[in-house]
Amino acid sequence: MSVRVRYAPSPTGSPHVGNIRTALFNHLFAKRHGGTHIVRIEDTDRARYVEGCEEEIFESLVYVGVEWQEGPDKGGDYGPYRQSERKEAGIYRPHIDTLLESGAAYWAFDTSEELAEMREYQQINKQPIGYYGGVWRDAPASKAEEARSSGLPGVIRLKIPRDETIVIDDAIRGRVEISSNQVDDPVLIKADGMPTYHFAAMVDDHLMGITHVFRGEEWISSAPKHLVLIRALGWEPPVFVHVPVIKGKDGSKLSKRHGDTSCLDFRRGGYLGGALANFIALIGWSPGGDREVMTMDEMAEAFDIDGIQPSPGVFDLDKLNWLNGHTIRQCDTGDLAREVGEFCSTQENLDYWRAKDAPTAQAMGLLASTSAADPGYVAKAVALEQERVTNLAEFATACSFFFVDAPEMDQKAVDKWLGKPHVAEMLDEFAAFFQGKESTTIEECEGLLRDYQAKAGLEKLGPVVHPVRVALTGKTVGPGLFELMALLGPARIVARLSAAKRAYE
RNA sequence: GCCCCGGUGGAGUAGCGGUUAACUCGUCACUCUUUCACAGUGAAGAUCGCGGGUUCGAAUCCCGUCCGGGGUACCA
């Protein structure tokens, strides 16, 4: 039988990286086995539904490179792929009927107050908390019928058997046993008529022919409910793969407090989708041995459930930064320049940075407008920074001195280098050299400065290089000086050299 | 409270009965160099949560214990 897996997000918020990692595992697994990956939207909770969220889900998937073959956007033979639509289509009804008929499920009409009271009682009496029956579990059918016809709002619950050991065969952890007395009767159909996750997901997984269910570890304790349900319907359970959670630095579940966690925020932040995917896959999964840096295809080829760890991992931004920088360095320079230009001109990214770090947003705007006017110039600037940048947004700040008329001067750098006795004269000499020239080359610039060094009898190149760098870029760090000068060109060199001299006097 | 899962240097992982416990990130140093970065070399950092077993031999198997996380909703 061919592998069919599914990523089944709930549109209740922009998917975060842990969530997308589950999608990634699904994709990797499907690809590895030549199977099918389907996306199903689990929108059964109308109260928590977030408008526009579905688009963000798909955008996130595309961003990290997760592919799927069936879904609400692509169709397929097992649709519809939104649970709300499946409910409308009456897909769940026959199954709830068979459950009701066989007595595996029952109507319950407890009010929320009664339920709260019950939990409170259980709490103080140190009993397991949950719905273990009440009056409805074993009430005669006539009583439930009566309540229904009187118009009472009710739910349908699954009747969990007593005194049984339920065995979950988790693909990562192995055999997990839970006493059925520990599991309470879950609601299958809510009072509003919508199915709950417990019911809808199991029915859909079966109907869609899902063979392996990858889901978060937090589901492991409700797996017994799912098994009882599947059994009551006379179906074969899929293979359950409960993947470990991703934690923040402090050990708690990754959340907003830990900074960016939404997948799309990483895109806005300037991280390459491929790098994020690679990094995220490595939290909890390893191909074995020392392999780490991989493309999506390489990961798919190496992917294996045995390589998934049972223990949770911490999201380490430092390592993501390294990996992102590493993949930036591997990029074809032309492609990269195009990507940086596009990144900096995307409104969404600009908005993100405006809120996070305004100067960066400003630099991005500058890069974008320069790129529109002179893409070649920007591409060369990007190439010069490729080795020293860790994310796309950083190109903007690192390159900004190329694009402004007068770079912002770092006062400390100015004080350190422009005040030296020989500097004013030296800068004058260089300015005079470039005056009126059309263009220059790396070799010419290098020759000029080295000649000066020899002529002045300086032991090191530093005293000539550093002041020039500060005068030209305003900073003490950056690409090779000669490369940078060649790109800047004579006109800009002359203007900056004289401006720097003036500014210091 | 009850139940479940987990625990290898600061982080991610490899190793799954015999290794000087390996690799990557991070940290520090050195090399390269006009700076920063990149790259390269090296160092510090783990008695494999702890305590008992089993075994000639345990990170690896068993039990207990502690700590961490998760679940305990008409949320997923």
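Only heavy atoms go into these numbers, but all of them, side chains included; no hydrogens, no water, no symmetry mates.
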A:Val245 side-chain proximity, nearest of B:rU35, B:rC2, B:rG69: B:rG69
Sugar-phosphate, base or nothing in reach of A:Leu282, heavy atoms under 4.0 Å: sugar-phosphate
Pairwise 5' ranking along RNA chain B for A:Gly154 and A:Val465, keeping only the more 5' one: A:Val465
Centroid-centroid under 6.0 Å between A:Tyr7 and A:Phe25 rings: no
Side chain of A:Val314 - closest among B:rU34, B:rG12, B:rC74: B:rG12
Nucleotide pairing, RNA chain B (Watson-Crick or G-U, distances under 3.5 Å), in dot-bracket with [ ] and |: ((((((((.[[[[.)..(...]]]].(((((.......))))).....[[[[[..)....]]]]])))))))....
Inter-nucleotide C1' distance (B:rC23, B:rA46), Å rounded: 14 Å
Side-chain ion pair, A:Lys225 and A:Asp185, N-O less than 4.0 Å: no
salt_bridge(A:Arg40, A:Asp205) N-O dist < 4.0 Å: yes
Separation between the P atoms of B:rC63 and B:rU54, rounded to whole Å: 15 Å
Touch class at under 4.0 angstrom, heavy-atom based, for A:Arg469 against every strand present: base
From B:rC5, B:rG6, B:rA76, nucleotide with atom closest to A:Thr44 side chain: B:rA76
A:Phe279 ring center within less than 6.0 Å of A:Tyr271 ring center: no
Sugar-phosphate only, base, or nothing, as touched by A:Thr12 at under 4.0 Å among non-hydrogen atoms: nothing
Residue-level proximity of residues 155-171 of chain A to RNA chain B when a heavy atom falls under 4.0 Å: A:Val155, A:Arg157
Centroid-centroid under 6.0 Å between A:Trp68 and A:Tyr81 rings: no
Ion pair A:Glu217/A:Arg173, N-O distance below 4.0 Å: yes
A:Phe266/A:Phe315 aromatic ring centres below 6.0 Å: yes
Rounded C1' spacing from B:rG49 to B:rU60 in Å: 16 Å
Atom pair distance, as rounded to whole Å: CG in A:Asp43 and C1' in B:rA76: 12 Å
Sugar-phosphate only, base, or nothing, as touched by A:Pro479 at under 4.0 Å among non-hydrogen atoms: base
Span that lies between the P atom of B:rA22 and that of B:rG42, in whole angstrom: 14 Å
Parallel, tilted or perpendicular, as decided by the 30° and 60° cut-offs, for the rings of A:His242 and A:Phe240: parallel
Nearest listed nucleotide, side chain of A:Arg48, among B:rC75, B:rG26, B:rA14: B:rC75
A:Glu483 CD - B:rC36 P separation (whole Å): 15 Å
First of A:Asp110 and A:Gly462 reached from the 5' end of RNA chain B, by closest nucleotide: A:Gly462
Selected nucleotide, minimal atom distance to A:Gln309 side chain, candidates B:rG70, B:rC25, B:rA14: B:rA14
Candidates B:rA76, B:rU24, B:rC5 - which lies nearest the side chain of A:Val176: B:rC5
Distance-only polar pair, side chains of A:Ser84 and A:Asp43, donor-acceptor under 3.5 Å: yes
Proximity to the side chain of A:Arg388 - top-ranked nucleotide from B:rC75, B:rA37, B:rU34: B:rA37
Cationic tip of A:Lys143 above A:Trp136 ring, under 6.0 Å, 45° of axis: yes
